[in-house]
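Written below as structure tokens is the structure these notes are about.
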Amino acid sequence: MNGFTLVLALLLAAPPLLASPQFEQVAECGDLRPLRWQTWLYRDGADGLFTQEAFLPQTEWTAAADDITGGRLVADCFGDPSPHSRDVVVHYYPPAPLVPVMTRPVVLVTGAGDNALRSMSFLAVSLSRAGFHVYAPTFAHRHGDNFLQAEQVANVVALAQARHRGVKVDLVAYSKGGQAARIYVSNTADADWAAVHLAYHEHGTRYRGDVGRLIFVGSPHAGLDTVFRWPAQNLFALQDEPLDAPTSWTTYYPFTSANLLVADDWGPISVFQEGGDHFPGQRQLLADLSDLHGLPGSNPSLGAYAVQQDWFTTYYGGLGFYSYSPGIQAAIDEANDVVGALQARGVHPDVELYLAAGGNPILSVGALGAELLQGFWGDADAAERRMTWEGLVEDWLGGLFPWYAEAFADDLPRLFAGTAFLGEISGPSDGLLFVASALDDSGLTLAGARVAEAHLFQGLNHAELIAAGVLAADFYGDAETAGGLYDERLAAKYSRGENQSVEWMIGILSQPVPDMPVQDPDMGVPEVDAGPDDPDMAAVDPDLGTAPDLGTDPDQAVTEAELGPRPDQGGVTIPDDGVAPPVDAGQPDAARPAVTGERFGGTGCTTRPGRGPAAPWALLLLALPLVFRRRR
């Protein structure tokens, strides 16, 4: 083969291997003051992969003009309530002034049902104060195809690299976003997705060797089955204002299935393809976990929680008393069993992995509708029913969650006051996701990647995992700033080192790293439009970014007894001594000091926020995800 032919062959082979050369900035969308977020609209113009996904009114990008959560900014940036999946809103948060700048940029990948401004601000501001450049995509569809979102993750990683030459990028992937990040770092040269997602197999960016660390936060590695396991939640679809979440029923019979002539078609709001396929990314997360933890409907010890309408037909498929569901296996098959495919192939061995799970099933009411809980306690029998329920809850939590009394018993008053509700309690969970699924490394390590640490935050629920730390403690403990959200219990909870997931992540991301090439030698440098020069971008000094770890609480060791049985796909790897593997910081003799919640050594910045004139508004905006967000 002569030189010209070789070059031509390499050029023809390049598109599947490189980040899209057509990933370009198309609009500058302003900022979100008083926070320092900057926002742009980017577009991947390549053909073959991206599609126009289907939207429902509740999944479209709309927000009130006075919205302060970032929803209005994101909606205006997309310019369309149902944007094409080739579009992605990219947010950037610069390092705080006068702090040493960390070497590697960090990309935050958000979960479902939210924009990155709202879900990631507590973490982003904390990272900024520790000296990090922070990027975060908001995907076009909040419940969209995870393979399409994996391509946008690859694009944003390439964008961050283009602005910070010579270093790898670290990822923090939350909830559903963990599957998108996992797909990208598993899409190595030998990956075959043809039977799972043909378009991604043919057009998706092959992993370029550009990710250093990947922290999975509450990500469903072994899958989840919540929408099928708890069919009573389908009844919230009967509210006047529908939830931004799928049902597991495709048909509802308001006069029972004894009258088949009167039926409501729930196909469009279901997790299935019928009716328009409005929740493809949610379907890709599903796995049959009935062997991991028994279904609530088959467990009388759950008392009232065992009363799940049509639980058997919902999970396994069939016509129930009020509903029809094709069953969870039908949904898994429609998604071509993405969880199974990922569990059968590992992450690239050069990526250093970390897993975080929550162990608190008590979730804030938020979008659930406080009036429903108030109505439940408002009739003549409420006192007796409440006493019975409280006893059941305490007995059940104490038996199922060995850490309950020490870790989250202080959350019970909110539960009994009707400002919180119990999420997933058929096994140890964070209220949405089983601990065993979040900490399952069996598929992640098949190609040689290593999980450096698996950490269980026993006191945190699913929403708190991405936000709990000193900054959240400051907010909830400040009556003037928090106003009606003031909560001494939450402030005390987030002040404890064992609950500071944000500081745990900063400790990992702050570990010193050796100089490493950012590109696989067989792959080219991706061409991306890095956008205009940013005056707020501090120069990256390779001699900085060496803040020591904030440590791990030894009491948070994860044991198999606490996790329950392993999923069919494999369990959490725990050594014989019951202690999760330590982090390899590249310096085996370096001890990891405990979390202090005071000052990050070596960064020159305090974790306590300065109280400028805009600080109360900024903290209020930061708190909203913890108050209102309950979906993955």
Given the ring of Trp61, does Arg142 sit roughly above its face, with NZ or CZ under 6.0 Å from the centre of the six-membered ring and within 45° of the axis?
yes
Let's go through Val172 and Val107 carefully: what are the C-alpha distance in whole Å and the side-chain angles of both, what is the deciding distance for side chain to side chain contact (heavy atoms under 4.5 Å, CB included) to 0.1 Å, and is it a yes or a no?
CA-CA 6 Å; Val172 177; Val107 172; over 6 Å; no
Report yes or no: does Gln52 contribute a side-chain atom to a donor-acceptor pair with the main-chain N or O of Ser82 at less than 3.5 Å?
yes
Without swapping roles, check the side chain of Gln329 against the backbone of Tyr316 for a donor-acceptor pair under 3.5 Å.
no
Is it true that Trp504 and Phe457 have ring centroids separated by less than 6.0 Å?
yes
Please tell me if the side chains of Val211 and Tyr184 come closer than 4.5 Å, counting only heavy atoms from C-beta onward.
yes
Kindly state whether the ring of Phe401 and the ring of Phe408 have centres lying under 6.0 angstrom apart.
yes
Interatomic distance, CG@Leu73 vs CG@Leu117, rounded to 0.5 Å, equals 6.0 Å
Please check this pair: side chain of Ser429 against backbone of Val435, looking for a donor-acceptor N/O pair closer than 3.5 Å.
no
Over all atoms of both residues, closest heavy-atom pair of Arg72 and Ala64:
CD-O, 3.5 Å
Which atom names give the shortest non-hydrogen contact between Asn146 and Gly281, and what distance separates them?
ND2-O, 3.2 Å
Pair Phe216 + His221: ring centers closer than 6.0 Å:
yes
Which pair of heavy atoms, one from Ala341 and one from Val196, lies closest together, and at what distance?
CB-CG2, 3.7 Å
Tell me, do Ser501 and Leu460 make a side-chain contact under 4.5 Å, heavy atoms counted?
yes
Asp87 vs Tyr42, test: side chain to side chain contact (heavy atoms under 4.5 Å, CB included). Steps then yes/no.
CA-CA 6 Å; Asp87 287 349; Tyr42 273 78; over 6 Å; no
Minimum heavy-atom distance between Ala116 and Pro137, given as atom pair plus value:
CB-O, 3.6 Å
Drop me the distance from Leu123's CG to Leu465's CG, to the nearest 0.5 angstrom.
11.5 Å
Do Pro231 and Trp249 touch side chain to side chain, with heavy atoms closer than 4.5 Å?
yes
Near-ring test His455/Tyr354, centroid separation under 6.0 angstrom
no
Side chain to side chain contact (heavy atoms under 4.5 Å, CB included) between Leu127 and Tyr93, intermediate numbers included:
CA-CA 9 Å; Leu127 286 168; Tyr93 210 102; over 6 Å; no
For Gln149 and His141, indicate whether the former's side chain and the latter's backbone hold a donor-acceptor pair under 3.5 Å.
yes
Test side chain to side chain donor-acceptor pair (under 3.5 Å) on Asn360 and Asp430 and set out the steps.
CA-CA 5 Å; Asn360 183 350; Asp430 63 7; over 6 Å; no
Give a yes or no answer on whether the side chain of Ser128 reaches the backbone of Ala124 with a donor-acceptor pair at less than 3.5 Å.
no
First locate atom CE of Met120, then atom OH of Tyr174, and finally report the distance between them rounded to the nearest 0.5 Å.
8.0 Å
Between Asn499 and Gln458: side-chain donor-acceptor atoms closer than 3.5 Å
no
Heavy-atom distance under 4.5 Å between the side chains of Gln282 and Val227, does that happen here?
no
For Ala173 and Ser219, work out which heavy atoms get closest and say how close.
O-OG, 3.4 Å
Could you tell me whether a side-chain N or O of Thr59 sits under 3.5 Å from a main-chain N or O of Leu56, the two making a donor and an acceptor?
yes
Side-chain touch Leu509/Ile215, heavy atoms, less than 4.5 angstrom:
yes
List the steps and the verdict of side chain to side chain donor-acceptor pair (under 3.5 Å) for Ser426 and Glu424.
CA-CA 6 Å; Ser426 52; Glu424 176 60 74; 2.3 Å; yes
To the nearest 0.5 Å, how far apart are CD in Gln25 and CG in Leu159?
9.0 Å
Measure from the side-chain N and O atoms of Arg345 to the backbone N and O of Leu444, and report whether any donor-acceptor pair falls under 3.5 Å.
no
Any ion pair linking Asp44 and Arg86 (charged N to carboxylate O, less than 4.0 Å)?
no
Heavy-atom check, side chain of Leu235 versus side chain of Tyr252, under 4.5 Å
yes
Side-chain donor/acceptor of Gln38 to backbone N/O of Cys29, under 3.5 Å
no
Side-chain (Asn115) to main-chain (Thr138) donor-acceptor, under 3.5 angstrom
no
Close aromatic pair by centroid cut-off 6.0 Å: His278 and Phe55
no
Would you call Asp170 and Arg213 a salt bridge, taking side-chain N to carboxylate O under 4.0 Å as the test?
yes
Any donor and acceptor pair, going by atom type alone, linking the side chain of Asn461 with main-chain N or O of Ile362 inside 3.5 Å?
yes
Is the Trp193 to Phe147 ring centre distance short of 6.0 Å?
yes
Would you check if there is a donor-acceptor pair between the side chains of Thr188 and His348 at a distance under 3.5 Å?
no
Taking side chain as C-beta onward, heavy atoms only, is Ser248 less than 4.5 Å from Asn234?
yes
Checking side chain to side chain donor-acceptor pair (under 3.5 Å) for the pair Ser119/Thr110: CA distance, chi angles, key distance, verdict?
CA-CA 7 Å; Ser119 65; Thr110 193; 2.6 Å; yes
Does the pair His197 and Asp145 meet the rule for a side chain to side chain donor-acceptor pair (under 3.5 Å), with working shown?
CA-CA 10 Å; His197 200 291; Asp145 187 321; 2.8 Å; yes
Straight-line distance of Gln309 CD to Gln233 CD, nearest 0.5 Å
14.0 Å
Is it the case that the side chains of Asp310 and Ser323 hold a donor-acceptor pair, with the cut-off being a distance below 3.5 Å and no angle test?
yes
Taking C-beta and beyond as the side chain, do Val89 and Trp40 meet within less than 4.5 Å on heavy atoms?
no
To the nearest 0.5 Å, how far apart are NE2 in His143 and CZ in Arg283?
13.0 Å
Can you tell me which residue among Trp37, Tyr135, Phe132 is in a ring-ring contact (aromatic ring centres under 6.0 Å, His included) with Tyr92?
Tyr135
May I have the step-by-step check of side chain to side chain contact (heavy atoms under 4.5 Å, CB included) for Phe228 and Ser325, ending in yes or no?
CA-CA 9 Å; Phe228 287 89; Ser325 170; 3.8 Å; yes
For residues 217-231, the salt bridge (charged side-chain N to carboxylate O under 4.0 Å, His left out) pairs (sequence neighbours left out) are Asp225-Arg229
Heavy-atom closest pair, residues Ser175 and Gly111:
CB-CA, 4.3 Å
